[in-house]
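Below is one structure; the comments refer to it alone.
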There are 2 protein chains.
Amino acid sequence: MNRPVVQPVFRALHLASCNVACSDCNLREVCLPVGMSRADLEKVDRHLVTERRPLARGETLFQVGDPFNALYAVWQGSFKTCISSRDGRDQISGFQMAGELLGLDGIGSGRHQADAVALEASQVCVIPFHALEALSRELQSLQQQLHRIMSREIVRDHGVLLLLGSMHAEERVAAFLLNLTHRLRARGFPDSPVQLRMTREEIGSFLGLQLETVSRAFSRFHAQGLVAVKHRQVQITDPAGLQKLLGGSEATAGL
Amino acid sequence: MNRPVVQPVFRALHLASCNVACSDCNLREVCLPVGMSRADLEKVDRHLVTERRPLARGETLFQVGDPFNALYAVWQGSFKTCISSRDGRDQISGFQMAGELLGLDGIGSGRHQADAVALEASQVCVIPFHALEALSRELQSLQQQLHRIMSREIVRDHGVLLLLGSMHAEERVAAFLLNLTHRLRARGFPDSPVQLRMTREEIGSFLGLQLETVSRAFSRFHAQGLVAVKHRQVQITDPAGLQKLLGGSEATAGL
DNA sequence: CGCGAACTTGAGGCGTGTCAACCCCTGTGG
DNA sequence: CCACAGGGGTTGACACGCCTCAAGTTCGCG
């Protein structure tokens with residue numbers, strides 16, 4: 001890797017854009033190239049994912065109406081996606097962490113249908129969509145993976161529908177916490193204290209609740225010994241107890 | 001095509017499975033093959049859509065856990081799709097009418113993740129998924145169309161999220177009615193009296209409301225002169241008034 | 001004609017939203 | 001290093017929208 005002498009700020013950018021290779025990425029088992037052969041992976045490296053983009057906390061990756069050119073895979077950090085109707089109502093449609101794809105909602109119309117905002121300092125891999133379509137006509141493994149990812153996004157949304165349509169406040173918050181820890185564990189994070197990256201208001205927006213209701217749910221869980229909450233530090237001390245609040249259901253996998 | 005002598009009930013089945021051709025279908029402008037060339041359409045006819053399946057009112061097309069083999073395009077009639085968690089909670093995730101695709105949620109896991117039930121006597125075109133993937137590697141137009149459809153399904157779900165997460169009961173019902181009439185009009189139905197195919201309870205399940213709440217919303221709309229409701233016959237007399245209930249927003253396109 | 005399902009309407013209670021006060025943490029500037 | 005401002009979070013009191021339960025009506029169908 002060549003490493004020219006540059007000022008720190010540019011150096012960071014430069015380093016980020018070097019060495020973008022799915023085949024070396026430790027997310028390859030949870031990201032786009034799940035289950036692809038070595039040979040196919042190399043084609044992906046060469047033709048598909050060549051750029052990585054860093055974002056500061058609060059920075060917008062894309063917003064409603066932006067022309068759609070690429071999908072983005074979260075490489076580091078986390079994001080929220082917000083949708084809004086023109087009368088000012090708005091809502092967070094999901095939180096994305098490492099290995100998850102952003103931008104799928106832009107394919108249908110050629111324009112992004114949501115805002116994507118970094119919740120912390122983050123980096124995304126840029127996947128130009130025309131290249132993705134071209135390569136997935138060539139590689140069946142890539143084609144199947146893309147279809148699976150889109151389908152799972154639909155199933156995830158249906159899970160949120162179920163949550164918003166039929167669960168009470170405490171059930172929603174419990175489902176949210178369990179889902180979060182499931183996803184973190186799947187990515188190899190220790191499931192001990194979780195550092196929330198979003199505010200109570202953002203959690204509430206996602207769950208269709210007011211921020212006070214979210215806060216009260218946390219407090220009650222704390223009082224019942226289910227979790228230890230301190231600001232954004234959350235430690236689940238009784239996962240089974242939280243699960244029981246959901247009627248024993250485990251259908252929290254896909255939020 | 002051979003036409004054996006059979007009893008009427010089987011004959012109906014047989015006739016239904018003849019003459020399945022997207023190129024002749026009057027839904028081709030709203031269904032899977034939107035915008036495809038004549039030549040590509042013929043390949044679709046030959047290799048992809050060869051079977052049509054009739055269903056009686058209340059009959060199940062597929063249910064949760066069934067192996068996923070095919071997508072289904074609604075040709076006639078309408079469907080509901082239901083999701084459920086194992087503690088008995090369940091919810092309708094959508095209503096599908098002519099030209100809309102069923103089964104996208106099965107791609108990711110190889111098993112259907114919802115129940116699809118006919119709301120009236122209906123027919124669907126069967127689209128074997130392995131054949132769809134194979135042909136869409138060959139035809140860019142088909143590939144793009146599939147991606148667009150899946151993306152729009154995601155956007156639609158996000159619209160429902162917004163509805164469930166941020167709207168009051170009457171707003172939800174108003175959005176539901178407007179969305180229904182939009183879709184019917186797009187399919188060439190006269191937008192005068194609409195015949196609902198679902199019960200109040202089903203509407204409520206979809207909107208995250210109790211059936212009584214839906215009924216009361218209808219009654220109030222009636223009293224305000226916005227609609228003329230008589231059982232399942234609904235006539236929107238003041239679309240602009242309904243729209244105003246949504247804060248003037250027109251973000252109802254994608255329910 | 002009579003039964004059951006679907007629908008309507010009313011009364012009352014509960015869960016959240018709303019509003020408000022207060023606290024805690026962080027970061028900034030003197 | 002401390003003071004202070006401001007955003008984020010917690011907690012309480014109250015109101016209100018929707019759920020729940022119940023009774024009665026209409027429609028569809030055998």
Query raised in the report: Got a donor-acceptor pair under 3.5 Å from the side chain of B:Gln210 to the base of D:dC21?
Result: no
Query raised in the report: Short question: side chain of B:Ser166, backbone of A:Arg89 - any donor-acceptor pair under 3.5 Å?
Result: no
Report summary line: Terminal axes of the helix from C:dC1-D:dG30 to C:dG30-D:dC1 (5 end pairs apiece), angle rounded to 10 degrees, sit apart by 40°
Query raised in the report: Given that B:Thr199 and B:Arg216 both sit by DNA chain C, which one's nearest nucleotide is further toward the 5' end?
Result: B:Thr199
Query raised in the report: Only one of B:Met167, B:Arg172, B:Gln91 clears side chain to side chain contact (heavy atoms under 4.5 Å, CB included) with B:Leu207; which?
Result: B:Arg172
Side-chain donor-acceptor pairs under 3.5 Å in residues 56-67 of chain B, sequence neighbours left out?
| from | atom 1 | to | atom 2 | distance (Å) |
| --- | --- | --- | --- | --- |
| B:Glu59 | OE1 | B:Ala56 | N | 2.7 |
| B:Asp66 | OD2 | B:Gln63 | N | 2.9 |

Requested in this report: Please find out if less than 6.0 Å separates the ring center of B:Phe95 from that of B:Phe79.
Outcome: no
Requested in this report: Run the numbers on A:Arg156 and A:Glu100 for salt bridge (charged side-chain N to carboxylate O under 4.0 Å, His left out), then give the verdict.
Outcome: CA-CA 12 Å; A:Arg156 186 199 76 91; A:Glu100 294 174 334; over 6 Å; no
Query raised in the report: With a non-hydrogen cut-off below 4.0 angstrom, is A:Gly208 in contact with a base, only sugar-phosphate, or nothing?
Result: sugar-phosphate
Query raised in the report: So, A:Arg197 side chain and A:Leu119 main chain: donor-acceptor pair closer than 3.5 Å or not?
Result: no
Query raised in the report: What's the CD-P distance between A:Gln195 and D:dG9, to the nearest Å?
Result: 11 Å
Requested in this report: Answer with base, sugar-phosphate or nothing: what part of the nucleic acid does B:Leu211 contact at a heavy-atom distance below 4.0 Å?
Outcome: base
**Report entry** A:His168 vs A:Thr213, nearer the 5' end of DNA chain D by closest nucleotide
**Finding:** A:Thr213
Query raised in the report: Atom CZ of A:Arg200 and atom P of C:dC25: how far apart are they, to the nearest Å?
Result: 13 Å
Requested in this report: Rounded off to whole Å, could you give me the CZ-to-P distance for the B:Phe218 and C:dT9 pair?
Outcome: 13 Å
Query raised in the report: Within this structure, what is the CZ-to-P distance between A:Arg57 and C:dT26, rounded to whole angstrom?
Result: 12 Å
**Report entry** Heavy-atom pair with the smallest gap, counting every atom of A:Leu27 and A:Trp75
**Finding:** CD1-O, 3.5 Å
Requested in this report: Find the distance A:Leu164:CG to C:dG15:C1' and express it as a whole number of Å.
Outcome: 16 Å
**Report entry** Length of the CD-P vector between A:Glu201 and C:dG17, whole Å
**Finding:** 13 Å
Report summary line: Rounded to whole Å, the CG-P distance (A:Leu207 to C:dT16) equals 12 Å
Requested in this report: For DNA chain C, determine which residues of residues 221-238 of chain B have any heavy atom closer than 4.0 angstrom to one of its atoms, and list them numerically.
Outcome: B:Arg232
Query raised in the report: Rounded to the nearest Å, what distance is computed from the CG atom of residue B:Leu196 to the C1' atom of nucleotide C:dT8?
Result: 15 Å
Query raised in the report: If you measure only the distance, is there a donor-acceptor pair under 3.5 Å linking the side chains of B:Glu120 and B:Ser78?
Result: yes
Query raised in the report: Is the base of D:dC21 touched by the side chain of B:Glu212 through a donor-acceptor pair closer than 3.5 angstrom?
Result: yes
Report task. Would you mind checking if A:Arg216 and A:Glu170 are paired as a salt bridge, meaning a charged N to carboxylate O distance below 4.0 Å? Result -> no
